[in-house]
Structures are given as C-alpha cells and as structure tokens.
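Some notes on the structure that comes next.
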Number of protein chains: 2
Amino acid sequence: MAQHTTAPATAMLGYRLKRAASALRSRMDEGLRPHGLTVPQYATLELLDAQPGLSNAELARGAFVTRQSMNVVLRGLADGGLVRRAEVSEHGRALPTHLTDDGRRRLEAARDVVFALDRQMTAAVPGRRLADLLTDLDAMAAELGR
Amino acid sequence: MAQHTTAPATAMLGYRLKRAASALRSRMDEGLRPHGLTVPQYATLELLDAQPGLSNAELARGAFVTRQSMNVVLRGLADGGLVRRAEVSEHGRALPTHLTDDGRRRLEAARDVVFALDRQMTAAVPGRRLADLLTDLDAMAAELGR
DNA sequence: TGGGCCATGTCAGGAGTTTGACATACGACG
DNA sequence: CGTCGTATGTCAAACTCCTGACATGGCCCA
C-alpha cells in the first residue's frame, strides 16, 4: 500500500472548480428564469451584443455547447424575436446572426441580475488576488485545450 | 451613455470559471467513456469510496445534481453491479449505499484517468498560488450558497 | 400526545444536451 | 482543373437532467 493515504477526491482542484461553477450555474438559472432566459440563451445574447454577426458554430464555441445545441438555442431566440438570422450565407455556409431591438432590451434587463452575481462572487476573493485568479483559470482551460 | 465602455461579459470571472469547468468536463467525458462511466457516475463512486453508506440525497449534494438525477445515477450503477443499496432504512427514509468489489475496481481504473487530468490542470497554475486558488474557489462557492 | 416542520425517496413529465450522421461550401495543393 | 481536408448547418435519436408533485419518516415543541 501507499505509505500515505491519498487525498480524497473532494480535495482536488477539479472538485473545487466544479463546486464553484455549479453554484454559479444554479444562481444564474434562478435569476434568469423570471426573464424567460436560460443560461445558454443569455450567453448567446451577450456574445452577439459584443460581436454582432457571429455564426452558429462560433456562438456554440463561445457558449461551450455543441453546434446542435446552439442551433436549438438560436431557434428559440429567433422564435421569441430576440435575434435575427440571415437567410443566405455571405461566406461559406455560416449564417450571421444579429440582436434585434427586443433582444437588446431583454439582454440589458437580464444583465443586471447576472452582473450582480458576478460582482458578488468577485467580492468573495481578495482584490489583490483577482488578476492571478483569472490568469490561473485561463491557464487551466488552455492546458486542457479548447 | 457611460463614459467608459463596460467590460465584455467574456472578461468577467463567471465566464472564465465556466470556461475552465467546461474544458475539464469535456476531458473527463472523453476519459471516462472507455470505462463505461459518466461524470456523475464517477463522482458518485468516488464519494462512496471516501464515505461508505451515504444516502441518495447526500450523494446528490456531493455530486452537484438533484436527488432525482442521483436516483437515476444510482439505478444505473446498481444495475451494473457497482454499488449496492440497502433495501430497508436504518434511520429516516435514507437508504445507505455501498461500493461493491466490482465498483471499487472500476473506480480505481477510472481514477487514473481523472487524477491525471487533475494533475495536468494543477500543473498549469504556479505552485505557490495553488492554495490561494483553492481558497478563492471555495469562497466563491460559499458566497453563492450551497 | 399531537401538530408543524424538514428531510428523504420516488413518480411523472418535459426541457435541454449530446452523439452520430449527412450534405454543402470554401481553401489548399498537386 | 480535380481532389482532399476542414468547417459549417441540420436532421434524427437517445440520453441526461431538471421542475413539479406526492407520500413517508423523524424531530421539535407546545
């Protein structure tokens, strides 16, 4: 046997990462429900606000879901009149998507909830360590690849 | 309008957290598939190994899913002969669950893959900052509640 | 003793997400 | 010019997970 008992899985970085992410996800679900938005839908609106004209595949990568899932998300947003997809492709098969005025309004309302959560979460870490924390999270993601 | 443009949502802590967690999840899915385990199933085995006799509800909290989802997970593990649930309750309605020998063997095999991922991810952050990183992740989770 | 309260296990239904597959469109290269 | 490789959009099917709801069992306290 090993001379020292192995650290329990709940002590490992992956578990702690998952716990924090899970807590945030729960709170976002709660906060976004009154706005009629799911987390992927909100993420999509946010991405389109920052980079109008993104394609389905690009949005999927940005929201960390598959192209198929994003296709469903976009269909829902388009049915609700929050986004508008081009019918014809300008380049390749990619169909650029844009926010509608309704979409922008809905995003701004939902943003208050989400940003408040992010501020609350950010406040839990000492300010002097925030930059390092962001750096390390990015390094972890990069190390594990896309 | 605001005098300065607001930071894009992709620059916020929540997004970086999600990206890291999503990357880890993808890699765990890939690594566990050959072992015939899903991430929640693996997490459940790991929890039961550390704390034999946990109930369905306790496992659900530990694996960050609902009781209903954990119920399905346990059913799958029990059908595969990896865990064994008590038929009668010792205290309240809670039904203690234990690993079988097969379950322990399967866990140990899968553990190699998961631990390797955790080590790889951990190696991406400077050793002197690891303790702070864990502290901050825990503080974020605690601040957002359960 | 009895009622209010909370936790647990479970059923039913639906929503979201993924894997697998296929057709189309562009670019690089021989 | 033709072909391979890559990227995109979409369909189909299965799986996973969640919300909502209900019944049961223990605990606290009047």
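Just the heavy atoms: all of them, side chains too, but no hydrogens, waters or symmetry mates, feed the values below. Quick note on labels: first sequence line is chain A, next is B, and so on, each numbered from 1.
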- When the distance from CZ of Arg75(B) to P of dT16(D) is rounded to whole Å, what number comes out? 13 Å
- Message: Taking Ser55(B)'s backbone N and O only, do any of them form a donor-acceptor pair with Glu58(B)'s side chain (distance below 3.5 Å, no angle check)?
- Response: yes
- Comparing Thr66(B) with Leu95(A), nearest DNA chain D nucleotide closer to 5' gives the residue Leu95(A)
- Message: Can you give me the bend angle of the helix from dT1(C)-dA30(D) to dG30(C)-dC1(D)? Use the axis through the first five pairs and the one through the last five, nearest 10 degrees.
- Response: 30°
- In whole angstroms, the gap separating C1' of dA14(D) from CZ of Arg33(B) amounts to 14 Å
- Rounded to whole angstroms, how far apart are CD on Gln68(A) and P on dC15(D)? 17 Å
- Message: From CZ of Arg67(B) over to C1' of dT24(D), roughly how many Å is that when rounded to an integer?
- Response: 12 Å
- Message: Ignoring hydrogens and geometry beyond distance, is a side-chain donor-acceptor pair present between Thr44(A) and Gln41(A) at under 3.5 Å?
- Response: no
- Measure the spacing between CG of Leu144(B) and CE of Met28(A) and express it to the nearest 0.5 Å. 11.0 Å
- Starting at atom CG of Leu32(B), determine the distance to atom C1' of dT16(D), rounded to an integer number of angstrom. 15 Å
- Dump the intermediate steps for side-chain contact (heavy atoms from CB on, under 4.5 Å) on Asp118(B) and Tyr15(A), then the final yes or no. CA-CA 9 Å; Asp118(B) 205 277; Tyr15(A) 191 81; over 6 Å; no
- Item | Length of the line joining Glu87(B):CD and dT24(D):P, which is rounded to integer Å | 20 Å
- Item | Proximity to the side chain of Ala57(A) - top-ranked nucleotide from dA21(D), dG9(D), dC11(D) | dG9(D)
- Query: Under the criterion side-chain contact (heavy atoms from CB on, under 4.5 Å), which of Leu59(A), Thr97(A), Val73(A) is the partner of Val83(A)?
  - Reply: Thr97(A)
- Message: Could you tell me how far apart Asp29(B) (CG) and dC15(D) (C1') are, to the nearest whole angstrom?
- Response: 12 Å
- Task: Just do the side-chain contact (heavy atoms from CB on, under 4.5 Å) check on Glu143(B) and Met121(A) with the steps written out, would you?
- Result: CA-CA 6 Å; Glu143(B) 174 63 33; Met121(A) 188 171 64; 5.7 Å; no
- Would you say Arg106(B)'s side chain and His35(B)'s backbone share a donor-acceptor pair under 3.5 angstrom? yes
- Item | dT16(D) phosphate, OP1 or OP2, under 4.0 Å from Arg25(B) side-chain N/O | no
- Item | Bounds of contact between DNA chain C and chain A, in 5' to 3' order, using a heavy-atom cut-off under 4.0 Å | dG16(C) to dG27(C)
- Integer-rounded Å distance: dC17(D) P and Leu74(B) CG: 12 Å
